[in-house]
> 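Pasting in a structure now, in structure tokens, and then I'll have a few things to ask.
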Amino acid sequence: MYNHQEIEKKWQKIWAETGAHKTGEAKGRPKYYVLDMFPYPSGTGLHVGHPKGYIATDIFARQKRMQGYNVLHPMGWDAFGLPAENYAIKNKLHPRQATEENIATYKRQINMIGLSYDWDREISTIDPQYYKWTQWTFIQMWKKGLAYESYEPINWCPSCKTGLANEDLEDGLCERCGSVVEQKPMRQWVIRITDYAQRLLDDLEKLPEWEETIKEMQRNWIGRSEGAEINFAISGADKMIKVFTTRVDTIFGCTYIVLAPENELVADLKDKIKNWPEVEKYLAETKNKTDLQRTDLNKEKSGVVLKGIVAVNPFNNEEVPVFIADYVLNLYGTGAVMAVPAHDERDWEFAQKYDLSIRKSVAPLSNPRDESTESCYADDGVLLSSGEFSGLDSVSARLKMTAWLANNNKGAKKINYKIKDWVFSRQRYWGEPIPMIHCAKCGVVPVPESELPVVLPEVKSYEPTGTGESPLAAITDWVNVKCPKCGGPAQRETNTMPQWGGSCWYYLRYIDPKNDRELVDKKLEKYWSPVDFYVGGAEHATRHLIYARFWHKFLFDIGAVNYEEPFTKLRHVGLVMGEDGRKMSKRWGNVINPDDIAASHGADALRVYEMFMGPFEQAIAWNTNGLTGARKFLDKIDRLAAAFVAPSTEDEESLSLLHKTIKKVGEDIEKFNFNTAISALMILVNKLTDYNNQSGHSAISQENFLHLWQILSPFAPHLAEEIWEKFGHKDSIFKSPWPAYDPELIKDKMANLVISVNGKARATIEVEADIKEVEALVLAQENINVKKWLEGKEIVKNIFVPGKLLNIVVK
RNA sequence: GCCGCGGUGGCGGAACUGGUAGACGCGCUGGACUUAAAAUCCAGUUGUAGCGAUACAGUGCGGGUUCGAUUCCCGCCCGCGGCACCA
């Protein structure tokens with residue numbers, strides 16, 4: 001058993017002292033940028049699941065360096081955010097102090113695992129020299145009209161006493177503390193990400209090396225739907241109800257209209273609504289409902305008819321009643337729907353409850369005259385009772401009817417997106433100040449760029465004010481400033497940015513981390529960008545990865561970067577579950593700490609185990625026995641190295657296997673198939689060990705043996721360095737070139753040919769790899785186990801797969 | 001409900017483009033070494049029958065295509081992840 005504590009410490013020290021992981025200059029050699037999603041340094045430190053992705057990228061980066069690439073492999077900290085603030089409040093610390101302590105712990109743990117980051121490029125989102133550029137970008141967005149203020153109601157967490165974006169909710173509960181979220185009006189900064197919806201969708205096609213699953217999640221999130229906007233006139237009023245629908249083909253079945261309660265038409269029509277008290281009551285009820293209650297699918301639909309209001313279907317001039325109901329959302333489409341109970345489940349349910357008429361206008365293709373209304377038919381079909389459009393199929397009907405709307409000035413084709421504008425402010429302390437100034441005379445004025453960064457001020461109390469305002473609002477001498485435009489009295493914006501802000505562009509800053517003139521030097525950016533390989537958790541598939549793509553496209557549009565998409569290749573890492581199969585968490589007491597594993601089994605064993613446990617993307621439960629297996633493998637390698645005795649001639653089979661393994665390991669690392677790479681290494685090590693035990697000397701020469709340590713080195717870097725050194729090398733193994741395999745040596749001379757009869761394997765015979773079908777057939781017919789299946793049968797045909805299989809078909 | 005992914009021994013998993021299902025590891029059983037244990041080494045380990053050669057069954061379930069299906073097609077069941085009253 002090798003002493004892991006000793007050698008791991010030794011090599012980590014040497015790597016640090018020699019600057020082994022420093023990035024090369026941005027010129028000459030081909031570059032490779034391997035990036036991990038930077039962590040949020042929480043108070044609990046790393047558990048054994050966090051480094052799984054880091055180990056994978058480390059293996060990848062180490063191999064790329066040995067292959068001669070100029071590798072950029074950096075790490076940093078996503079250090080702003082509510083948990084740090086809460087942790088600090090709980091432990092009576094300043095959030096900065098708490099965050100810095102957490103970062104120190106994370107960094108120590110990361111180094112302990114032997115990860116080869118270039119710490120010269122470390123960045124942290126809380127560094128004013130970093131967030132200066134987050135603020136700068138925000139100002140550029142504002143200049144382009146992409147950042148605006150909004151007073152709409154927001155999600156309010158009564159426990160955290162702070163506003164939350166929809167993205168911070170989980171099932172209508174506060175993602176951080178679990179409280180039920182209420183609605184509260186609040187002034188917010190919002191970013192017009194919807195302007196980029198179509199590009200964010202279209203450009204997914206330019207990312208062939210992204211996993212399809214993640215692209216599909218983004219498509220759903222963006223949620224493009226093509227349809228029509230239709231104007232329903234309100235009879236006796238000078239108003240119009242605009243509805244959005246993807247099913248204009250069903251419009252002859254429209255029997256009523258539903259408005260969202262918040263739709264401004266409701267208030268506009270107040271004078272004409274005869275049952276206003278009833279309506280008002282319903283409005284009040286809805287207002288108090290949280291998103292959770294409103295979006296509960298199991299909830300029975302409710303609504304109120306607007307008496308005295310009648311809308312006119314533009315296609316047949318038919319008058320239909322108008323309702324308000326909270327199942328219609330004001331934020332999507334136009335905040336109004338045409339209800340077609342015969343062809344929409346929700347409308348069907350609502351019509352059943354309020355006994356509204358149901359009229360069929362689309363029949364299934366299989367029964368085009370079917371007018372029955374016993375159930376809701378939501379699929380496409382053939383139009384019936386639809387005037388001049390009757391008889392058309394749904395698809396062409398939609399085209400013709402949309403054209404009709406446009407020609408008659410009663411509507412138009414319309415594309416809707418589910419994605420909403422991005423609420424970009426938080427009423428809390430621990431975030432980047434939004435660099436804006438409010439002047440009574442000039443309105444909103446950005447802080448002059450020469451005055452950036454707007455440094456987060458020290459504050460006596462960073463606890464939530466409880467009023468909803470940021471604690472910054474209490475620092476009057478910070479808040480009160482002169483208006484940069486008119487010089488008059490003005491106030492600073494006191495909201496701060498969300499955690500997502502700083503994490504949108506950090507990968508650019510690693511390229512040029514100390515630049516004080518610009519966000520990133522464009523020449524350096526041209527060389528290093530885009531990120532060649534990005535690895536992180538699937539939970540970021542939509543939010544972080546959409547925000548970052550948006551942010552990057554904006555920077556591209558203003559000429560700050562060279563490429564339109566930031567990440568060429570993307571893979572997600574599967575969770576490491578607790579030994580009990582549940583998510584690792586304090587709550588279940590199933591957390592495994594990497595410090596303990598590094599102490600007991602060693603960092604190399606941890607690395608090998610986490611890569612061997614299964615496919616990279618898959619969530620797999622931790623198993624300490626499996627870890628022991630990984631350690632045994634490393635011990636075996638150590639013994640194999642120590643027992644090296646040069647052979648007089650090399651064993652052909654072993655040499656061939658070595659070269660096959662070089663090929664396989666190289667290809668598997670490229671594909672992130674680490675489990676099969678390690679399996680191949682185990683097979684080779686087993687073979688070489690057996691040979692040694694049986695013959696008393698090694699199977700292959702020292703020169704070839706060195707290749708084994710080289711292909712092992714990305715997985716177990718400390719042990720590989722140690723062995724490399726024992727074989728007399730002064731320089732690091734990672735300075736040596738990745739070995740090439742010899743294509744001649746991996747060719748097999750002999751092959752095991754499977755002989756099957758009628759598709760059922762009956763024998764395996766060893767033959768020359770290039771054996772011809774006729775020769776194989778002769779050998780097969782001589783084989784006793786095959787013979788008995790051929791007796792008395794007539795051979796119909798043979799199927800021959802060279803070097804693999806001969807199937808004899810008999811009758 | 002919709003979208004995506006998956007279902008293989010006691011366990012984690014492997015299987016190229018349709019070609020010997022169960023590589024590799026863990027666990028377990030038996031043996032060697034040892035006073036003993038650990039470590040290490042050797043043998044075995046899908047099920048059923050058989051001393052064995054071998055035969056039959058077998059990759060969630062039911063069909064289909066094929067000389068041949070874990071792999072392709074149709075219809076289900078179950079699990080995981082994401083989105084969700086999106087008009």
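Throughout, a chain's letter reflects where its sequence line sits, starting with A, and its residues are numbered from 1.
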> Distance check, P atoms only: B/G47 and B/G81, in whole angstrom units.
33 Å
> Just call it for A/Ile799: base, sugar-phosphate, or nothing, with non-hydrogen atoms closer than 4.0 Å on any strand.
base
> Taking the nucleotide of RNA chain B with the closest heavy atom to each, which residue, A/Val754 or A/Asp347, is nearer the 5' end?
A/Val754
> For A/Gly629 and A/Leu805, find the nucleotide of RNA chain B closest to each by heavy atoms; which residue's nucleotide sits nearer the 5' end?
A/Leu805
> So if I take every side-chain heavy atom of A/Ile620 and compare against B/G25, B/G12, B/A87, which nucleotide ends up nearest?
B/G12
> Does OP1 or OP2 of B/C67 have a side-chain N or O of A/Lys797 closer than 4.0 Å?
yes
> When you compare B/C76 with B/C2, how far apart are their P atoms, in angstrom units rounded to a whole number?
11 Å
> My understanding is that only one of A/Lys671, A/Lys664, A/Lys663 makes a salt bridge (charged side-chain N to carboxylate O under 4.0 Å, His left out) with A/Glu667; could you say which?
A/Lys663
> Please report, rounded to the nearest Å, how far the P atom of B/G25 is from the CG atom of A/Leu634.
13 Å
> Cation-pi between A/Arg631 and A/Tyr2: NZ/CZ under 6.0 Å from ring centre and within 45° of the ring axis?
yes
> Send over the distance from A/Glu579 CD to B/G12 P, rounded to a whole Å.
13 Å
> Under 4.0 Å between any heavy atoms, over every strand shown, what does A/Asn798 touch: base, sugar-phosphate, or nothing? Just pick one.
nothing
> Tell me which nucleotide, if any, is Watson-Crick or G-U wobble paired with B/G6 when both distances must be under 3.5 Å.
B/C78
> Please give the distance between the P atoms of B/C41 and B/G25 as a whole number of Å.
11 Å
> Which value, in whole Å, describes the distance between the P atoms of nucleotides B/A38 and B/U29?
12 Å
> Could you check which of B/C86, B/A23, B/C67 has an atom nearest any side-chain atom of A/Ser679?
B/A23
> Output the distance between atom CD1 (A/Ile765) and atom CD1 (A/Ile755), rounded to the nearest 0.5 Å.
4.0 Å
> B/C85 base to A/Lys301 side chain: any donor-acceptor pair below 3.5 Å?
yes
> Say we look at B/C80 and B/G60: how far apart would their C1' atoms be, to the nearest angstrom?
15 Å
> Categorize A/Gly223 for me: base, sugar-phosphate, or nothing, with a 4.0 angstrom heavy-atom threshold over every strand shown.
nothing
> What's the CG-P distance between A/Asn220 and B/C5, to the nearest Å?
12 Å
> Tell me: CZ of A/Phe612 to P of B/A23, nearest whole Å?
12 Å
> Rounded to the Å, how far apart are A/Ile637 CD1 and B/G25 C1'?
13 Å
> Tell me whether the side-chain N/O atoms of A/Arg346 come closer than 4.0 Å to OP1 or OP2 in B/C86.
yes
> Taking pairing as Watson-Crick or G-U wobble with both contacts under 3.5 Å, can you name the mate of B/U34, or confirm there isn't one?
none
> I'd like to know whether the aromatic ring centres of A/Tyr256 and A/Phe350 sit less than 6.0 Å apart in this structure.
yes
> Would you classify A/Asp344 as touching base, sugar-phosphate or nothing, given that sugar-phosphate means primed atoms plus P, OP1 and OP2, and contacts are heavy atoms under 4.0 Å?
nothing
> If the sugar-phosphate is the primed atoms plus P, OP1 and OP2 and the base is the rest, what is the B/S/- string for nucleotides 39-58 of chain B, using protein heavy atoms under 4.0 Å?
-SSS-----------SSSS-
> Which nucleotide, in any strand shown, forms a Watson-Crick or G-U wobble pair with B/C72, with both distances under 3.5 Å?
B/G64
> Counting only Watson-Crick or G-U wobble pairs whose two distances fall under 3.5 Å, which nucleotide matches B/C83?
B/G1
> Take the protein atom CG of A/Asn330 and the nucleotide atom P of B/A87, then report the distance between them rounded to whole Å.
16 Å
> Rounded off to whole Å, could you give me the NE2-to-P distance for the A/His572 and B/G82 pair?
11 Å
> Considering only B/A87, B/A14, B/G27, which nucleotide approaches the side chain of A/Pro615 most closely?
B/A14
> Between B/A87 and A/Ser225, is there an OP1 or OP2 to side-chain N/O distance shorter than 4.0 Å?
yes
> Please report the distance, rounded to the nearest Å, between OH in A/Tyr332 and P in B/C83.
17 Å
> If only side-chain N and O atoms count, and only distance matters, is there a donor-acceptor pair under 3.5 Å linking A/Glu349 with A/Tyr327?
no
> With the side chain counted from C-beta on, respond yes when A/Ile795 and A/Ile808 share a heavy-atom pair under 4.5 Å apart, and no when they do not.
yes
> Output the single nucleotide from B/C85, B/G13, B/C67 whose closest atom is nearest the side chain of A/Tyr327.
B/C85
> Is B/C24 paired to anything, Watson-Crick or G-U wobble with both distances less than 3.5 Å, and if yes, which nucleotide?
B/G12
> Taking only the C1' atom of each, what is the distance from B/C72 to B/U59 in whole angstrom?
16 Å
> Expressed in whole Å, how much space separates the C1' atoms belonging to B/U54 and B/U20?
16 Å
> Could you verify whether a donor N or O on one side chain and an acceptor N or O on the other, from A/Tyr691 and A/Asn686, lie under 3.5 Å apart?
no
> Out of B/G19, B/G13, B/C26, which has the shortest distance to the side chain of A/Asn625?
B/C26
> Any idea which of B/C26, B/C24, B/C67 is nearest the A/Asn623 side chain?
B/C26
> Is B/G79 syn or anti, taking syn as a glycosidic angle within 90° of 0?
anti
> For the pair A/Asp202 and A/Arg224, evaluate salt bridge (Lys or Arg N to Asp or Glu O under 4.0 Å) and give the outcome as yes or no after the intermediate values.
CA-CA 11 Å; A/Asp202 290 344; A/Arg224 183 185 198 270; over 6 Å; no
> Are A/Asp326 and A/Thr286 close enough that a side-chain donor and a side-chain acceptor fall under 3.5 Å?
no
> Less than 4.5 Å apart, side chain to side chain, heavy atoms only: is that true for A/Tyr741 and A/Ile746?
yes
> In whole Å, what separates the C1' atom of B/A84 from that of B/G4?
14 Å
> Can you tell me the pairing partner of B/A55 across any strand shown, Watson-Crick or G-U wobble, with both distances under 3.5 angstrom?
B/U48
> Tell me what A/Ile683 touches on the nucleic acid: a base, only sugar-phosphate, or nothing, going by heavy atoms under 4.0 Å.
sugar-phosphate
> Using 30° and 60° as the class boundaries, would you call the ring planes of A/His540 and A/Trp500 parallel, tilted or perpendicular?
perpendicular
